2 protein chains.
Amino acid sequence: MNKPGQQVISRLRQMILSGELEAGQRLAEIPTAEQLGVSRTPVRIAFRTLEQEGLLTKLSGRGYIVRQVTQAEISGAIEVRGVLEGLAARQAAENTLSKAQINELLQLLKQGDELFAKGNINEQDLAIYHDMNQRFHQIIIEASLNPAIAEALSRNEHLPFASVSALAFDRNNLAQEYRRFNFAHMQHHAVFDAISHGQGSRAEAIMREHANVTHSYAKVFSQMEENGERMHVLKNTGS
Amino acid sequence: MNKPGQQVISRLRQMILSGELEAGQRLAEIPTAEQLGVSRTPVRIAFRTLEQEGLLTKLSGRGYIVRQVTQAEISGAIEVRGVLEGLAARQAAENTLSKAQINELLQLLKQGDELFAKGNINEQDLAIYHDMNQRFHQIIIEASLNPAIAEALSRNEHLPFASVSALAFDRNNLAQEYRRFNFAHMQHHAVFDAISHGQGSRAEAIMREHANVTHSYAKVFSQMEENGERMHVLKNTGS
DNA sequence: TTTGTCTATATTGGATCCAATAAATAAAAA
DNA sequence: TTTTTATTTATTGGATCCAATATAGACAAA
């Protein structure tokens with residue numbers, strides 16, 4: 001539970017995902033152990049774990065380095081996410097949603113509708129949308145009854161935009177964000193409709209296109225960061 | 001390189017993949033360390049590594065257990081493989097194959113053609129086909145220029161049939177296997193043709209169906225094993 | 001015979017130490 | 001001044017030990 005080993009893994013993962021440990025930074029066992037106040041053993045195990053998660057790269061004799069993430073890597077991961085979530089939607093359509101799943105999806109869709117019914121959106125709304133969005137996607141993945149999808153998606157959790165829980169928005173242009181997320185939410189409706197009617201190909205196509213919206217946004221994000229502008233990313237950074 | 005740690009990981013992985021350590025079997029640090037002639041430290045790290053690879057499941061106070069693999073898990077993983085390799089073929093079609101890639105693919109296609117030109121097939125031929133098949137798929141994944149695909153596929157390497165390098169055949173019915181692999185190889189031709197002509201959707205559809213051939217075969221495999229019949233699986237078991 | 005409690009055993013997680021290896025720095029030679 | 005060699009420092013991998021925790025077995029009571 002609260003053993004130092006698990007805490008070391010979680011802490012380091014959080015430090016990497018939050019940017020506290022920047023890409024390119026070198027980490028070694030002894031200094032890290034001192035910094036975290038533990039012996040080397042849990043740090044050694046944490047490093048290997050995070051290496052396997054794709055967050056660290058091992059140097060040959062000088063510790064580990066926080067992985068640089070390339071734009072091509074992010075772009076490719078969004079494509080992978082698109083096909084995997086598309087497959088999840090297809091398989092969910094081929095299965096029968098449970099009553100509980102239907103009810104929860106309807107509840108989430110209604111929750112989203114209420115956000116957009118106001119005609120505008122603020123950051124608090126977007127945090128709510130984020131949670132609703134995440135749960136909506138999770139249910140579909142669960143409804144696929146295919147553990148390999150969640151497994152394959154888990155490899156993207158550390159990449160900006162490619163994580164199923166990631167949500168990026170431009171805080172300086174909330175009117176545009178309102179329209180964009182409203183569109184995305186209407187895609188949620190369409191996916192649910194397709195799944196409910198057992199329309200696998202339709203569900204898959206919508207869900208793949210749903211991920212492509214993130215794709216174009218990742219490019220805008222890169223340009224804004226080059227221009228020194230800031231974009232806000234909402235995602236989970238916990239273990 | 002040949003440090004005990006790496007050897008322990010490789011050795012255990014091989015023992016699991018070969019069936020020497022059977023699904024459901026329990027492993028603990030101390031007896032395993034004794035058996036392999038090392039201290040507990042590399043065994044501890046190996047267990048965690050293999051847990052992250054999906055080969056072991058941790059018990060709460062009694063070591064690890066070799067993971068049981070369900071038929072649904074295999075089936076789902078083959079689906080995932082289909083969409084990922086389909087995406088790879090699509091992206092390869094959207095990129096430009098290098099001269100070297102084209103030449104190697106042509107060489108591999110020719111090699112396969114020669115196998116089938118004889119009008120029959122034996123186990124030695126199938127071993128050659130296996131290597132040719134594996135390399136063919138690898139090139140397409142490389143040509144996609146999308147590292148996330150290989151990354152996501154790597155999660156399936158331990159599952160029967162879902163690994164890109166797996167090739168199953170019924171050694172008691174080589175005439176049927178001849179026809180089946182001939183068909184699969186003609187799909188290779190079709191995929192190459194689609195990619196060469198930049199036909200992304202066509203390439204993706206063929207490749208997805210190509211994986212589905214494995215799908216139906218995995219079901220036949222289950223029935224044969226229940227009937228006590230043996231089916232031969234060619235795949236890589238190395239690290 | 002069954003259930004509860006206590007004890008013994010098995011097992012893991014972490015700390016510490018030692019040896020091997022890699023990298024950085026200093027000193028010597030060209 | 002530059003290059004090569006030697007030395008020092010940093011770092012990792014593995015071994016061993018200790019403490020904590022979980023599990024199994026033995027024993028007593030109902």
Side-chain angles (χ1 to χ4, degrees), chain A residues 1-17 20-68 154 158 238-239, chain B residues 1-17 20-68 154 158 238-239:
Chain A
M1 286 299 159
N2 284 330
K3 293 174 233 179
Q6 281 298 326
Q7 286 183 349
V8 169
I9 295 175
S10 301
R11 179 84 181 101
L12 286 175
R13 188 188 290 120
Q14 197 261 342
M15 286 162 80
I16 293 170
L17 293 179
E20 186 178 340
L21 291 177
E22 296 186 333
Q25 190 166 340
R26 191 176 72 88
L27 303 178
E29 288 177 7
I30 297 176
T32 304
E34 285 173 4
Q35 181 183 348
L36 297 179
V38 294
S39 78
R40 282 173 53 213
T41 311
V43 172
R44 185 184 312 177
I45 285 171
F47 280 177
R48 287 159 187 271
T49 299
L50 296 174
E51 183 193 15
Q52 261 184 295
E53 291 184 8
L55 300 192
L56 297 178
T57 301
K58 191 174 190 322
L59 302 172
S60 65
R62 220 71 181 127
Y64 289 74
I65 192 171
V66 179
R67 272 198 61 207
Q68 313 268 14
S154 72
H158 65 284
S239 65
Chain B
M1 285 299 161
N2 284 331
K3 292 172 231 179
Q6 280 298 324
Q7 286 184 351
V8 168
I9 294 176
S10 302
R11 179 83 181 100
L12 286 175
R13 187 189 290 121
Q14 198 261 341
M15 287 162 79
I16 292 169
L17 293 179
E20 186 178 341
L21 291 177
E22 297 184 332
Q25 190 165 341
R26 191 176 73 88
L27 302 178
E29 287 177 8
I30 296 176
T32 304
E34 285 173 6
Q35 183 183 348
L36 296 178
V38 293
S39 79
R40 282 174 54 214
T41 311
V43 172
R44 185 184 314 179
I45 285 171
F47 280 176
R48 287 158 186 269
T49 300
L50 295 174
E51 181 191 18
Q52 261 185 296
E53 291 183 10
L55 301 191
L56 297 178
T57 302
K58 191 175 191 322
L59 302 172
S60 65
R62 218 76 179 122
Y64 288 76
I65 193 171
V66 179
R67 271 198 64 207
Q68 313 268 14
S154 71
H158 65 284
S239 67

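Treat the numbers as computed from the prediction; the structure is a model and nothing was measured.
Annotation: the span from Gln14(B) atom CD to Leu21(B) atom CG amounts to 9.5 Å, rounded to 0.5 Å. Here Leu56(B) contributes atom CG and Arg26(B) contributes atom CZ; the two are 12.5 Å apart, rounded to the nearest 0.5 Å. Separation of atoms CD (Glu34(A)) and CD (Glu29(A)) is listed at 12.0 Å; rounding is to 0.5 Å.
With a 4.5 Å cut-off on side-chain heavy atoms, Ile16(B) and Arg67(B) do not count as touching. Considering only heavy atoms from C-beta on, Arg11(B) comes within 4.5 Å of Glu20(B) through its side chain.
Ranked by how close their nearest DNA chain C nucleotide is to the 5' end, Thr41(B) and Gly63(B) are led by Gly63(B).
Within residues 24-31 of chain A, the residues having any heavy atom closer than 4.0 Å to DNA chain D are, in order of number, Arg26(A), Ala28(A), Glu29(A), Ile30(A).
Only one option out of Ile45(B), Val8(B), Leu12(B) pairs with Leu50(B) in a side-chain contact (heavy atoms from CB on, under 4.5 Å); it is Leu12(B).
Thr32(B) and Ala28(B) make their closest contact through OG1-O, 2.7 Å (heavy atoms, listed as atom of the first residue, atom of the second, distance). Listed here is the closest heavy atom pair of Ala33(A) and Val43(A): CA-CG2, 3.8 Å. Closest of all the heavy-atom pairs between Gln52(B) and Arg48(A) is OE1-O, 4.3 Å.
One can place OH of Tyr64(A) at 11 Å from C1' of dG13(D), the figure rounded to the nearest angstrom. Regarding Ile65(B), its CD1 atom lies at a distance of 13 Å from the P atom of dT23(D), rounded to whole Å. Rounded to whole Å, atom C1' of dG14(C) lies 13 Å from atom CD of Gln7(A). Distance CD (Glu34(B)) to C1' (dT11(C)): 12 Å, rounded to an integer number of Å. A straight line from CG of Leu59(A) to P of dT11(D) spans 11 Å, rounded to a whole angstrom. Regarding Ile45(A), its CD1 atom lies at a distance of 7 Å from the P atom of dG14(C), rounded to whole Å. For the pair Phe47(B) CZ and dG14(C) P, the computed distance is 17 Å after rounding to whole Å. Taking atom NZ on Lys58(B) and atom P on dT11(C), their separation rounds to 13 Å, with Å as the unit.
Side-chain nitrogen and oxygen atoms of Ser39(B) include none within less than 4.0 Å of the OP1 or OP2 phosphate oxygen of dG14(D).
For Pro42(B), taking side-chain heavy atoms from C-beta onward, the closest of the listed nucleotides dG14(D), dG14(C), dG13(D) is dG14(D).
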Between the protein and nucleotides 17-22 of chain D, which nitrogen or oxygen pairs are less than 3.5 angstrom apart?
from    : atom 1 : to       : atom 2 : distance (Å)
dC17(D) : N4     : Arg40(B) : NH1    : 3.4

